[in-house]
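This report concerns only the one structure given below.
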Amino acid sequence: MQDMIRRIVEADNQAKALEEKNKKAAELRKQEIEKEVAAIYQKYMEDAQKEVERNTAYLEKRSERKLTEISAKQESALIKLKSDYEQNRDRWVDEIVSRVVS
């Protein structure tokens with residue numbers, strides 16, 4: 001009987017030790033998974049930041065190009081308007097005066 005009780009106690013102790021070992025192994029694995037998750041998240045965020053920087057640079061260059069194009073068009077239009085004015089101002093003045101007086 002004593003031998004049987006001793007075996008039961010030993011089996012119980014072994015089961016508790018095994019359970020404790022499994023808990024520690026599970027905790028270690030959980031920590032490893034958390035580290036992996038953190039590393040993956042960090043890499044994802046770094047990649048996302050690089051993509052944002054690339055897109056920002058592209059958009060800035062595109063905006064600068066468009067601004068240059070618009071400025072050139074405005075300058076061209078201004079030159080044309082000034083040329084039209086210089087060529088036609090006397091005629092326009094005469095026409096306005098003629099319409100007002102008539």
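The analysis underlying the following values was restricted to heavy atoms, covering all of them including side chains, and did not include hydrogens, waters or symmetry mates. Counting begins at 1 with the first residue of the sequence.
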Locate the shortest heavy-atom distance separating Trp92 from Tyr85; write the atom from each residue and the value. CZ3-CA, 3.9 Å

Nearest-0.5 Å distance, CD of residue Glu20 to CG of residue Asn13: 13.0 Å

Using modelled atom types only, decide if a donor and an acceptor are shared between the side chain of Asn88 and the backbone of Asp84 within a distance under 3.5 Å. yes

From NZ (Lys73) to CG (Leu78), nearest 0.5 Å: 16.0 Å

Between Arg54 and Tyr58, is any pair of side-chain heavy atoms under 4.5 Å apart? no

From Arg91 atom CZ to Ile96 atom CD1, the distance as rounded to the nearest 0.5 Å: 10.5 Å

Measuring from Ile40:CD1 to Ile33:CD1, what's the distance to the nearest 0.5 Å? 10.5 Å

Residue among Lys23, Lys30, Arg29 satisfying side-chain contact (heavy atoms from CB on, under 4.5 Å) with Glu27: Lys30

Taking Ser63 for its side chain and Leu59 for its backbone only, find out whether a donor-acceptor pair lies under 3.5 Å. yes

Quick one: does any side-chain atom of Ser98 pair with a main-chain N or O of Asp94 as donor and acceptor, under 3.5 Å? no

Are the charged groups of Arg6 and Glu10 less than 4.0 angstrom apart, N to O? yes

One should read off an interatomic distance between Gln42 CD and Asp47 CG, to the nearest 0.5 angstrom, of 10.0 Å

Cut-off 3.5 Å, side chains only: do Glu53 and Gln49 have a donor facing an acceptor? yes

Electrostatic pair Arg99:Glu95 at N-O distance under 4.0 angstrom: yes

